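Input: a single structure, listed below in structure tokens.
In this text, all values refer to a predicted model and were calculated from it rather than measured experimentally. Quick note on labels: first sequence line is chain A, next is B, and so on, each numbered from 1.
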Protein chains: 2
Amino acid sequence: MNTDSQTEITDDNLARQRLRLWLQMLKATRHVEGVLRDELRSGYDTTLPRFDVLATLHATPEGMKMSELSTHLVVSNGNVTGVVDRLVSEGLAERTNMESDRRAFLVRITEKGRVLMDEMTANHLEWIDKLFADVTETDAARGISIMLDIRRKS
Amino acid sequence: MNTDSQTEITDDNLARQRLRLWLQMLKATRHVEGVLRDELRSGYDTTLPRFDVLATLHATPEGMKMSELSTHLVVSNGNVTGVVDRLVSEGLAERTNMESDRRAFLVRITEKGRVLMDEMTANHLEWIDKLFADVTETDAARGISIMLDIRRKS
DNA sequence: TTTGAAAAATTGATATATAAAGTAAATTTT
DNA sequence: AAAATTTACTTTATATATCAATTTTTCAAA
């Protein structure tokens with residue numbers, strides 16, 4: 001048991017510093033999402049969730065299961081169902097039945113989706129590069145490490 | 001104009017590293033939000049957006065305008081309207097007309113809200129402290145600095 | 001001081017999101 | 001192998017979110 005008052009104060013300060021980091025993460029994330037959302041809407045008439053799913057499929061041309069998509073994007077299962085529904089109706093993605101497991105679907109990007117994403121991902125990289133212009137390579141590496149540390153917990 | 005091929009490769013690597021940071025920020029943020037959401041629902045039968053607004057009001061007992069709330073939380077104006085509506089109907093927040101500007105409202109936490117938040121914020125600090133347990137004080141400071149750098153852009 | 005533009009909120013339409021319940025298929029248990 | 005679980009996904013209900021349009025007020029300029 002920790003009964004040392006100096007240590008308690010130190011622990012409390014650390015906790016508050018961690019809280020500050022969390023609040024700043026939230027603000028920064030929402031800020032970036034806002035900019036990306038504007039670019040996607042004005043330039044491509046699409047939304048961030050659709051882009052996120054399609055970008056994932058673009059990076060994995062062999063396709064993914066619905067559950068793999070939701071795990072990768074850290075969103076709920078039902079959420080992915082709806083977004084993929086719209087992508088399919090727009091002809092940008094396709095659902096294929098899996099012969100190995102008839103409960104599951106293999107979701108894949110279509111040729112139309114691939115062509116679109118070839119262009120969009122290049123722009124996306126530029127948007128991020130501008131937004132993160134003040135972040136050095138060292139800081140980026142450190143930031144990535146911190147984010148991984150956070151996600152490792154519970 | 002940059003025509004040096006070595007520099008181009010370096011720039012490209014940096015851009016890709018920044019993109020990696022962004023993707024990890026998104027994942028970490030969603031992970032933490034998921035944990036907080038679960039705690040708030042199971043422990044207090046409330047939601048993350050409601051908590052975020054109420055926590056802001058709790059930290060500013062003199063109250064804030066709707067637009068100040070939305071700016072602070074980096075969400076849209078219409079969004080805040082709805083969340084505050086529910087907080088008011090639950091008796092946790094109140095709207096007051098501003099004599100200085102009849103277009104605006106002053107939103108304040110109620111006594112009932114304050115009592116509730118006194119307890120919730122303490123728990124919230126603990127949840128974050130656990131989730132960020134692997135983040136040292138130095139890393140937290142660096143992380144905060146990185147987040148501020150990002151938000152300063154555009 | 002009247003006109004015009006900007007600011008503060010709300011509203012309505014649409015798209016996300018989650019949670020919980022439900023369906024169907026695959027696995028594990030007994 | 002029949003029963004109980006688990007897994008993969010969808011569906012429904014509800015709560016966020018954004019955007020665009022609208023209302024009301026304020027502010028600035030002619």
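With the nearest nucleotide of DNA chain C identified for both A/R102 and A/N79, A/N79 has the one nearer the 5' end. Mapping B/G34 and A/G82 onto DNA chain C via the closest heavy atom, the residue that lands nearer the 5' end is A/G82. Taking the nucleotide of DNA chain D with the nearest heavy atom to each of A/V80 and B/V74, the more 5' of the two is matched to A/V80. Each of A/R37 and A/A104 was matched to the nucleotide of DNA chain D holding its nearest heavy atom; the match closer to the 5' end belongs to A/A104.
There is no side-chain donor-acceptor pair under 3.5 Å between B/R86 and B/S89. No hydrogens or angles considered: a donor-acceptor pair under 3.5 Å links the side chains of B/T47 and B/R50. A/E39 and A/Y44 share no side-chain donor-acceptor pair at under 3.5 Å.
Summarising the geometry of B/H31 relative to A/K153, their closest heavy-atom pair is NE2-O, 3.0 Å, with the distance given to 0.1 Å.
For the side chain to side chain contact (heavy atoms under 4.5 Å, CB included) with B/F105, the qualifying choice from B/K65, B/R95, B/M98 is B/R95, the only one to do so.
A close approach under 4.0 Å does not occur between any side-chain nitrogen or oxygen of A/K65 and OP1 or OP2 of D/dC9. Contact annotation: B/R41 side-chain N/O to C/dA17 OP1/OP2 distance is not under 4.0 Å.
If you take CG of B/L36 and C1' of D/dT16, they are 16 Å apart, rounded to a whole angstrom. Taking atom CE of B/M64 as the reference point, atom P of C/dA9 lies 11 Å away to the nearest angstrom. Nucleotide D/dT26 holds its P atom 11 Å from the CD atom of B/E99, rounded to whole Å. We find that NE2 of B/H72 is positioned 18 Å from P of C/dA8, with the value rounded to whole Å. One atom, CD of A/E68, and another, P of D/dA8, lie 9 Å apart when rounded to the nearest Å. One atom, CE of A/M66, and another, P of C/dT23, lie 19 Å apart when rounded to the nearest Å. Atom OH of A/Y44 and atom P of C/dA15 are 21 Å apart (whole Å). Between B/L69 atom CG and C/dA7 atom C1' the separation is 17 Å, expressed in whole Å.
The side chain of B/T47 lies closest to D/dA15, out of D/dA15, D/dC9, C/dA25. When the nucleotides D/dC9, D/dA15, C/dT18 are ranked by their closest atom to the side chain of B/R50, D/dA15 comes out on top. You'll find that the side chain of B/S67 is closest to C/dA9, out of C/dT18, D/dC9, C/dA9. Comparing D/dT26, D/dT16, D/dC9 against the side chain of A/T81 picks out D/dC9 as the nearest.
In terms of polar N and O atoms assigned as donor or acceptor, the side chain of A/R103 comes within less than 3.5 Å of the base of D/dT7 in a complementary pairing.
Note on B/D38: only backbone sugar-phosphate atoms sit closer than 4.0 angstrom, heavy atoms only; bases stay farther off. Using a 4.0 Å heavy-atom distance criterion, B/S76 is classed as a base contact. Within the 4.0 angstrom heavy-atom criterion, no nucleotide atom of any strand lies near A/R30. B/R86 comes within 4.0 angstrom of a nucleotide base, judged by non-hydrogen atoms across all strands.
Between A/F51 and A/H124, the two ring planes are tilted [angle within 30° to 60°].
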